[in-house]
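Heads up, the thing below is written out as C-alpha coordinates.
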Amino acid sequence: MSRGSERLRAVLARPGCTSVAPIFDPLSARIAEMIGCEVVKLSGSVGKFANLAVPDGVPMTNMSDLVDVVRRVTRMADVTLTVDADDGGSALGMLRAMRELEAAGVSGIELEDNSVPSHFSDLRHGAMLSKEDQVNKLKAAVAAKRDPSTVVFGRSSALSMLPLDEALDRIAAYAKTGVDAIMLPGQGKRGLSPNPRSDIEQVQKVANLPLCISGLSADLLADEKWMNANRVKLRFNGQAPYRMAVKAIYDALKHINSGGAATDFKDRWAPDAMLEELTHTAELRAWEAKYDPAEKKQ
(Lines give C-alpha, C1' and ligand atoms only; values in the text may rest on other atoms or scores of the structure.)
Protein backbone atom coordinates (compact mmCIF):
# COMPACT_ATOMS: atom_id res chain seq x y z
CA MET A 1 0.00 0.00 0.00
CA SER A 2 1.12 3.56 -0.71
CA ARG A 3 2.23 5.60 2.29
CA GLY A 4 0.68 8.68 0.76
CA SER A 5 -2.67 7.00 0.24
CA GLU A 6 -2.64 5.68 3.80
CA ARG A 7 -1.91 9.20 5.07
CA LEU A 8 -4.77 10.57 2.98
CA ARG A 9 -7.18 7.97 4.33
CA ALA A 10 -6.12 8.85 7.87
CA VAL A 11 -6.89 12.52 7.18
CA LEU A 12 -10.33 11.62 5.79
CA ALA A 13 -11.08 9.43 8.83
CA ARG A 14 -10.15 11.83 11.62
CA PRO A 15 -12.25 14.68 13.02
CA GLY A 16 -11.83 18.14 11.54
CA CYS A 17 -11.20 19.67 8.15
CA THR A 18 -7.72 19.83 6.59
CA SER A 19 -6.61 22.63 4.29
CA VAL A 20 -5.13 21.33 1.02
CA ALA A 21 -2.12 23.14 -0.44
CA PRO A 22 -2.44 24.03 -4.14
CA ILE A 23 0.75 23.05 -5.99
CA PHE A 24 1.54 23.16 -9.69
CA ASP A 25 4.98 21.59 -10.28
CA PRO A 26 7.83 19.80 -8.48
CA LEU A 27 9.19 23.08 -7.08
CA SER A 28 5.92 24.09 -5.43
CA ALA A 29 5.41 20.53 -4.19
CA ARG A 30 8.84 20.54 -2.54
CA ILE A 31 8.07 23.86 -0.83
CA ALA A 32 4.77 22.42 0.43
CA GLU A 33 6.71 19.46 1.84
CA MET A 34 9.24 21.77 3.52
CA ILE A 35 6.58 23.72 5.38
CA GLY A 36 4.68 20.61 6.43
CA CYS A 37 1.52 20.67 4.29
CA GLU A 38 -0.33 17.42 4.98
CA VAL A 39 -2.16 17.15 1.65
CA VAL A 40 -1.43 18.83 -1.69
CA LYS A 41 -3.43 19.03 -4.88
CA LEU A 42 -2.42 19.37 -8.52
CA SER A 43 -5.39 20.96 -10.26
CA GLY A 44 -5.96 20.35 -13.92
CA SER A 45 -5.86 24.02 -14.85
CA VAL A 46 -2.59 25.09 -13.22
CA GLY A 47 -0.96 21.77 -14.05
CA LYS A 48 -1.52 22.59 -17.71
CA PHE A 49 -0.63 26.27 -17.34
CA ALA A 50 2.62 25.77 -15.44
CA ASN A 51 4.02 22.69 -17.18
CA LEU A 52 2.74 22.98 -20.74
CA ALA A 53 1.64 26.63 -21.07
CA VAL A 54 -1.71 25.62 -22.56
CA PRO A 55 -5.22 26.63 -21.46
CA ASP A 56 -7.54 24.45 -19.43
CA GLY A 57 -10.70 24.94 -21.44
CA VAL A 58 -9.96 22.81 -24.50
CA PRO A 59 -8.37 19.35 -24.98
CA MET A 60 -4.74 20.21 -25.66
CA THR A 61 -3.23 17.72 -23.20
CA ASN A 62 -3.46 13.99 -22.58
CA MET A 63 -3.01 11.49 -19.78
CA SER A 64 0.70 11.06 -20.51
CA ASP A 65 1.21 14.78 -19.86
CA LEU A 66 -0.47 14.51 -16.46
CA VAL A 67 1.41 11.35 -15.51
CA ASP A 68 4.71 12.99 -16.44
CA VAL A 69 4.05 15.95 -14.14
CA VAL A 70 2.91 13.66 -11.31
CA ARG A 71 6.02 11.51 -11.65
CA ARG A 72 8.27 14.57 -11.45
CA VAL A 73 6.38 15.86 -8.40
CA THR A 74 6.55 12.60 -6.46
CA ARG A 75 10.21 12.09 -7.38
CA MET A 76 11.03 15.49 -5.87
CA ALA A 77 8.79 15.55 -2.80
CA ASP A 78 7.31 13.05 -0.37
CA VAL A 79 3.82 14.52 -0.42
CA THR A 80 0.30 13.22 -0.09
CA LEU A 81 -0.77 14.16 -3.60
CA THR A 82 -4.27 14.37 -5.04
CA VAL A 83 -4.76 15.13 -8.71
CA ASP A 84 -7.57 16.37 -10.91
CA ALA A 85 -7.83 13.90 -13.79
CA ASP A 86 -10.70 15.78 -15.50
CA ASP A 87 -13.35 13.29 -16.70
CA GLY A 88 -10.87 10.43 -17.09
CA GLY A 89 -11.77 9.68 -20.70
CA SER A 90 -13.41 6.43 -21.87
CA ALA A 91 -13.75 3.28 -19.79
CA LEU A 92 -10.46 1.97 -21.19
CA GLY A 93 -8.94 5.40 -20.78
CA MET A 94 -10.00 5.27 -17.13
CA LEU A 95 -8.23 1.94 -16.72
CA ARG A 96 -5.01 3.41 -18.06
CA ALA A 97 -5.39 6.63 -16.06
CA MET A 98 -5.81 4.83 -12.75
CA ARG A 99 -2.96 2.40 -13.33
CA GLU A 100 -0.52 5.05 -14.55
CA LEU A 101 -1.36 7.63 -11.90
CA GLU A 102 -1.06 5.01 -9.17
CA ALA A 103 2.31 3.92 -10.53
CA ALA A 104 3.44 7.56 -10.61
CA GLY A 105 2.69 7.93 -6.91
CA VAL A 106 -0.63 9.70 -6.50
CA SER A 107 -2.61 9.27 -3.29
CA GLY A 108 -6.01 10.41 -4.56
CA ILE A 109 -7.62 10.82 -7.97
CA GLU A 110 -10.47 13.23 -8.64
CA LEU A 111 -12.88 12.48 -11.50
CA GLU A 112 -15.43 15.06 -12.54
CA ASP A 113 -18.82 14.82 -14.20
CA ASN A 114 -18.10 17.68 -16.61
CA SER A 115 -16.69 16.99 -20.04
CA VAL A 116 -13.84 19.04 -21.51
CA PRO A 117 -15.29 21.05 -24.41
CA SER A 118 -13.89 20.58 -27.89
CA HIS A 119 -14.01 24.36 -28.53
CA PHE A 120 -13.45 27.41 -26.37
CA SER A 121 -16.52 28.31 -24.37
CA ASP A 122 -17.46 30.88 -21.76
CA LEU A 123 -18.41 27.94 -19.55
CA ARG A 124 -15.40 25.66 -18.98
CA HIS A 125 -17.65 23.30 -17.02
CA GLY A 126 -20.77 23.89 -19.06
CA ALA A 127 -21.43 20.34 -20.31
CA MET A 128 -22.20 17.49 -17.95
CA LEU A 129 -21.81 13.82 -18.64
CA SER A 130 -24.97 11.77 -18.29
CA LYS A 131 -25.53 10.25 -14.87
CA GLU A 132 -25.20 6.76 -16.33
CA ASP A 133 -21.89 7.55 -18.03
CA GLN A 134 -20.41 9.07 -14.89
CA VAL A 135 -21.58 6.19 -12.69
CA ASN A 136 -19.96 3.70 -15.06
CA LYS A 137 -16.72 5.72 -15.15
CA LEU A 138 -16.53 5.86 -11.36
CA LYS A 139 -17.16 2.12 -11.15
CA ALA A 140 -14.42 1.58 -13.72
CA ALA A 141 -12.02 3.76 -11.72
CA VAL A 142 -12.67 1.84 -8.51
CA ALA A 143 -12.29 -1.50 -10.31
CA ALA A 144 -9.04 -0.38 -11.98
CA LYS A 145 -7.20 0.27 -8.72
CA ARG A 146 -4.25 -2.00 -8.05
CA ASP A 147 -3.65 -0.41 -4.67
CA PRO A 148 -6.79 -0.64 -2.52
CA SER A 149 -5.64 2.36 -0.48
CA THR A 150 -5.77 4.75 -3.46
CA VAL A 151 -8.55 7.28 -2.83
CA VAL A 152 -11.07 7.99 -5.58
CA PHE A 153 -12.99 11.26 -5.38
CA GLY A 154 -16.28 11.51 -7.24
CA ARG A 155 -16.42 15.19 -8.22
CA SER A 156 -19.72 16.80 -9.15
CA SER A 157 -20.77 20.26 -10.31
CA ALA A 158 -24.42 19.20 -10.23
CA LEU A 159 -25.37 21.52 -7.36
CA SER A 160 -24.54 24.56 -9.48
CA MET A 161 -25.92 23.24 -12.77
CA LEU A 162 -29.05 21.23 -12.00
CA PRO A 163 -32.16 21.51 -9.83
CA LEU A 164 -31.40 20.33 -6.32
CA ASP A 165 -33.37 17.09 -6.56
CA GLU A 166 -31.54 16.08 -9.76
CA ALA A 167 -28.18 17.04 -8.28
CA LEU A 168 -28.81 14.97 -5.15
CA ASP A 169 -29.95 12.02 -7.25
CA ARG A 170 -26.67 12.13 -9.16
CA ILE A 171 -24.52 12.44 -6.05
CA ALA A 172 -26.37 9.59 -4.36
CA ALA A 173 -25.68 7.40 -7.39
CA TYR A 174 -21.99 8.37 -7.37
CA ALA A 175 -21.72 7.47 -3.69
CA LYS A 176 -22.85 3.92 -4.43
CA THR A 177 -20.08 3.26 -6.98
CA GLY A 178 -17.40 2.55 -4.38
CA VAL A 179 -15.74 5.96 -4.43
CA ASP A 180 -14.15 7.06 -1.17
CA ALA A 181 -15.28 10.69 -1.03
CA ILE A 182 -17.36 13.29 -2.84
CA MET A 183 -15.74 16.48 -4.10
CA LEU A 184 -17.90 19.60 -4.55
CA PRO A 185 -16.22 22.49 -6.40
CA GLY A 186 -16.91 26.17 -5.90
CA GLN A 187 -19.43 26.11 -3.07
CA GLY A 188 -20.40 29.60 -1.98
CA LYS A 189 -19.02 31.39 -5.05
CA ARG A 190 -21.19 33.82 -6.93
CA GLY A 191 -22.96 32.09 -9.78
CA LEU A 192 -22.71 28.66 -8.21
CA SER A 193 -24.77 27.15 -5.42
CA PRO A 194 -26.46 30.02 -3.52
CA ASN A 195 -27.24 27.85 -0.48
CA PRO A 196 -24.06 25.96 0.36
CA ARG A 197 -24.97 25.23 3.97
CA SER A 198 -28.31 23.58 3.24
CA ASP A 199 -27.07 21.96 0.03
CA ILE A 200 -24.13 20.33 1.79
CA GLU A 201 -26.42 19.05 4.53
CA GLN A 202 -28.62 17.48 1.87
CA VAL A 203 -25.60 15.95 0.13
CA GLN A 204 -24.44 14.35 3.35
CA LYS A 205 -27.85 12.76 3.83
CA VAL A 206 -27.72 11.01 0.45
CA ALA A 207 -23.99 10.30 0.23
CA ASN A 208 -22.75 9.58 3.77
CA LEU A 209 -19.15 9.94 2.61
CA PRO A 210 -16.32 12.37 3.44
CA LEU A 211 -16.84 15.63 1.59
CA CYS A 212 -14.06 17.66 -0.02
CA ILE A 213 -15.06 21.19 -0.96
CA SER A 214 -13.59 24.30 -2.56
CA GLY A 215 -14.83 27.86 -2.10
CA LEU A 216 -16.19 27.47 1.41
CA SER A 217 -17.22 30.76 2.98
CA ALA A 218 -15.61 32.07 6.16
CA ASP A 219 -18.74 31.51 8.26
CA LEU A 220 -18.88 27.84 7.30
CA LEU A 221 -15.17 27.34 7.95
CA ALA A 222 -15.57 28.88 11.38
CA ASP A 223 -18.47 26.56 12.28
CA GLU A 224 -16.42 23.58 13.43
CA LYS A 225 -19.42 21.73 14.82
CA TRP A 226 -21.28 22.00 11.51
CA MET A 227 -18.19 20.97 9.52
CA ASN A 228 -17.73 17.84 11.65
CA ALA A 229 -21.43 16.96 11.54
CA ASN A 230 -21.36 17.09 7.74
CA ARG A 231 -18.02 15.27 7.39
CA VAL A 232 -16.31 18.09 5.51
CA LYS A 233 -12.78 16.69 5.56
CA LEU A 234 -10.75 18.56 2.94
CA ARG A 235 -10.83 22.21 2.01
CA PHE A 236 -9.42 22.93 -1.43
CA ASN A 237 -8.02 26.43 -1.94
CA GLY A 238 -7.55 28.75 -4.89
CA GLN A 239 -4.42 29.10 -6.99
CA ALA A 240 -2.73 32.04 -5.24
CA PRO A 241 0.79 30.47 -5.24
CA TYR A 242 0.70 29.94 -9.01
CA ARG A 243 -0.65 33.41 -9.72
CA MET A 244 1.94 35.01 -7.45
CA ALA A 245 4.76 33.01 -9.04
CA VAL A 246 3.69 34.05 -12.56
CA LYS A 247 3.58 37.73 -11.56
CA ALA A 248 6.99 37.57 -9.87
CA ILE A 249 8.62 35.89 -12.89
CA TYR A 250 6.98 38.34 -15.28
CA ASP A 251 8.09 41.38 -13.28
CA ALA A 252 11.67 40.14 -12.92
CA LEU A 253 12.12 39.23 -16.59
CA LYS A 254 10.50 42.46 -17.80
CA HIS A 255 12.79 44.48 -15.54
CA ILE A 256 15.91 42.68 -16.75
CA ASN A 257 14.83 42.88 -20.40
CA SER A 258 14.40 46.63 -20.00
CA GLY A 259 17.99 47.03 -18.87
CA GLY A 260 17.55 46.66 -15.14
CA ALA A 261 19.87 44.64 -12.96
CA ALA A 262 18.76 41.35 -11.44
CA THR A 263 20.15 42.52 -8.12
CA ASP A 264 17.56 45.31 -8.04
CA PHE A 265 15.15 42.63 -6.78
CA LYS A 266 17.60 41.11 -4.32
CA ASP A 267 15.32 41.82 -1.36
CA ARG A 268 12.81 39.40 -2.94
CA TRP A 269 15.28 36.57 -3.57
CA ALA A 270 14.97 33.29 -1.72
CA PRO A 271 17.95 33.06 0.65
CA ASP A 272 20.72 30.56 -0.07
CA ALA A 273 19.75 28.42 2.92
CA MET A 274 16.21 28.04 1.59
CA LEU A 275 17.45 27.10 -1.87
CA GLU A 276 19.78 24.48 -0.44
CA GLU A 277 16.99 22.99 1.66
CA LEU A 278 14.72 23.04 -1.39
CA THR A 279 17.21 21.01 -3.43
CA HIS A 280 18.15 18.58 -0.63
CA THR A 281 21.74 19.78 -0.85
CA ALA A 282 22.78 18.66 2.66
CA GLU A 283 21.16 15.23 2.19
CA LEU A 284 22.88 14.72 -1.15
CA ARG A 285 26.26 15.77 0.23
CA ALA A 286 25.85 13.30 3.11
CA TRP A 287 24.83 10.56 0.66
CA GLU A 288 27.87 11.21 -1.49
CA ALA A 289 30.18 11.22 1.54
CA LYS A 290 28.78 7.90 2.70
CA TYR A 291 28.70 5.99 -0.56
CA ASP A 292 31.42 7.69 -2.59
CA PRO A 293 34.14 8.48 -0.02
CA ALA A 294 36.78 8.52 -2.72
CA GLU A 295 35.21 11.76 -3.95
CA LYS A 296 36.24 13.48 -0.71
CA LYS A 297 39.94 12.81 -1.41
CA GLN A 298 39.98 14.67 -4.72
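Here the structure is a predicted model, which means the values were calculated and not measured.
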Non-neighbouring partners of L95 that pass side chain to side chain contact (heavy atoms under 4.5 Å, CB included), sequence neighbours left out: R99, A144
Do the non-hydrogen side-chain atoms of I171 and L184 ever get within less than 4.5 Å of each other? yes
Without swapping roles, check the side chain of Q202 against the backbone of L168 for a donor-acceptor pair under 3.5 Å. no
Okay, side chain of T18, backbone of L234: is any donor-acceptor separation there less than 3.5 Å? no
Would you please test V232 and L220 for side chain to side chain contact (heavy atoms under 4.5 Å, CB included) and show each step? CA-CA 10 Å; V232 180; L220 291 182; over 6 Å; no
Does one side chain, of S156 or D113, offer a donor that lies under 3.5 Å from an acceptor on the other? yes
Minimal non-hydrogen separation, T74 against A104, with atom names: OG1-O, 2.6 Å
More than 12 heavy atoms of other residues, nucleotides or ligands under 6.0 Å from CD of E201: yes or no? yes
What ring pair (Phe, Tyr, Trp, His ring centres under 6.0 Å) pairs are there with at least one residue in residues 64-105, not counting sequence neighbours? none
Trace of the side chain to side chain contact (heavy atoms under 4.5 Å, CB included) decision for V70 with E100: CA-CA 10 Å; V70 168; E100 294 221 26; over 6 Å; no
Please tell me if the side chains of E112 and S157 come closer than 4.5 Å, counting only heavy atoms from C-beta onward. no
If Ile, Leu, Val, Met, Phe, Trp and Tyr residues are connected whenever their side-chain heavy atoms lie under 4.5 Å apart, and connections chain through other members, are M98 and L129 in the same group? no
Under the 3.5 angstrom rule, does the side chain of D86 hit a backbone N or O of G88 as a donor-acceptor pair? no
Hydrophobic cluster membership, with links at side-chain heavy-atom distances under 4.5 Å among I/L/V/M/F/W/Y: are V83 and L138 in one? yes
Sequence neighbours excluded - ring pair (Phe, Tyr, Trp, His ring centres under 6.0 Å) pairs with any residue from residues 25-55: F49-Y242
Could you tell me whether the side chain of S149 and the main chain of S5 form a donor-acceptor pair under 3.5 Å? no
Would you say that more than 12 heavy atoms from the other residues, nucleotides or ligands in this model lie under 6.0 Å from the CE of M60, or not? no
Side chains of V203 and L159, heavy atoms from C-beta outward: is any pair under 4.5 Å? yes
Can you pull the ring pair (Phe, Tyr, Trp, His ring centres under 6.0 Å) pairs that have at least one residue in residues 201-232, sequence neighbours excluded? none
Backbone N/O of G47 and side chain of N51: donor-acceptor pair under 3.5 Å: yes
Hey, what do you get for CZ (F153) to CG (L209), rounding to the nearest 0.5 Å? 11.0 Å
Got a sec, which residues hit side-chain hydrogen bond (donor to acceptor under 3.5 Å, both in side chains) with T263, two or more places apart in sequence or on another chain? none
Counterpart residues, side chain to side chain contact (heavy atoms under 4.5 Å, CB included), relative to L27 (two or more places apart): D25, I31, L278
What pair of heavy atoms forms the shortest contact from A32 to I23, and how long is it? CB-CG2, 4.0 Å
If Ile, Leu, Val, Met, Phe, Trp and Tyr residues are connected whenever their side-chain heavy atoms lie under 4.5 Å apart, and connections chain through other members, are L211 and L164 in the same group? yes
I200 vs L216, test: side chain to side chain contact (heavy atoms under 4.5 Å, CB included). Steps then yes/no. CA-CA 11 Å; I200 290 168; L216 283 172; 4.1 Å; yes
From D87 CG over to D84 CG, what is the distance, rounded to the nearest 0.5 angstrom? 10.0 Å
Measure from the side-chain N and O atoms of E33 to the backbone N and O of V79, and report whether any donor-acceptor pair falls under 3.5 Å. no
Step through the shown structure and confirm whether more than 12 heavy atoms of other residues, nucleotides or ligands are within 6.0 Å of CH2 on W269. yes
Pairs meeting criterion side chain to side chain donor-acceptor pair (under 3.5 Å) with involvement of residues 227-239, two or more places apart: S19-N237, S43-Q239, N208-R231, R235-N237
Would a single hydrophobic cluster contain both V20 and I213, if residues Ile, Leu, Val, Met, Phe, Trp and Tyr are joined by side-chain heavy-atom contacts under 4.5 Å? no
If every non-hydrogen atom of F236 is compared with every non-hydrogen atom of C212, which pair is closest and at what distance? CE1-CB, 3.4 Å
So L253 and I249, side chain to side chain contact (heavy atoms under 4.5 Å, CB included) or not? Walk me through it. CA-CA 6 Å; L253 292 179; I249 294 168; 3.8 Å; yes
Tell me yes or no: between the side chains of S2 and D147, is some donor less than 3.5 Å from an acceptor? no
Apply the test side chain to side chain donor-acceptor pair (under 3.5 Å) to residues S90 and R96: give CA-CA distance (whole Å), side-chain angles for both, the deciding distance (0.1 Å), then the verdict. CA-CA 10 Å; S90 65; R96 179 190 174 195; over 6 Å; no
K131 to R170 - nearest heavy-atom pair and separation: N-NH2, 3.4 Å
Hydrophobic cluster identity match, V39 and L12, side-chain contacts under 4.5 Å: yes
Could you tell me whether R72 and D68 make a salt bridge, using a distance below 4.0 angstrom between a side-chain N and a carboxylate O? yes
Got a sec: does the NZ of K139 have more than 12 other heavy atoms crowding it under 6.0 Å? no
Could you give the distance from CG (L101) to OG (S107), rounded to the nearest 0.5 Å? 11.5 Å
Answer yes or no: is there a donor N or O on one side and an acceptor on the other, between the side chain of R9 and the main chain of T150, under 3.5 Å? yes
Going from OG1 on T82 to CD1 on I109, what distance comes out if it is rounded to the nearest 0.5 angstrom? 10.0 Å
CZ (R14) with more than 12 external heavy atoms under 6.0 Å: yes
Not counting sequence neighbours, which residues clear side-chain hydrogen bond (donor to acceptor under 3.5 Å, both in side chains) with S198? List them please. none
Which residues pass the salt bridge (Lys or Arg N to Asp or Glu O under 4.0 Å) test with K41, not counting sequence neighbours? E110
Nearest heavy atoms of A207 and I182, plus distance in Å: CB-CG1, 4.2 Å
Contact summary for V152 and A141, nearest pair of heavy atoms: CG1-CB, 4.4 Å
Less than 4.5 Å apart, side chain to side chain, heavy atoms only: is that true for L42 and L66? yes
State which residues pass side chain to side chain contact (heavy atoms under 4.5 Å, CB included) with A140; sequence neighbours excluded, sorted by chain then number. M94
Contacts of T61 that satisfy side chain to side chain contact (heavy atoms under 4.5 Å, CB included) - sequence neighbours left out: K48, L52, V54, D65
Between R30 and H280, is any pair of side-chain heavy atoms under 4.5 Å apart? yes
Applying salt bridge (charged side-chain N to carboxylate O under 4.0 Å, His left out), which residue pairs with at least one partner in residues 269-286 are found, sequence neighbours left out? none
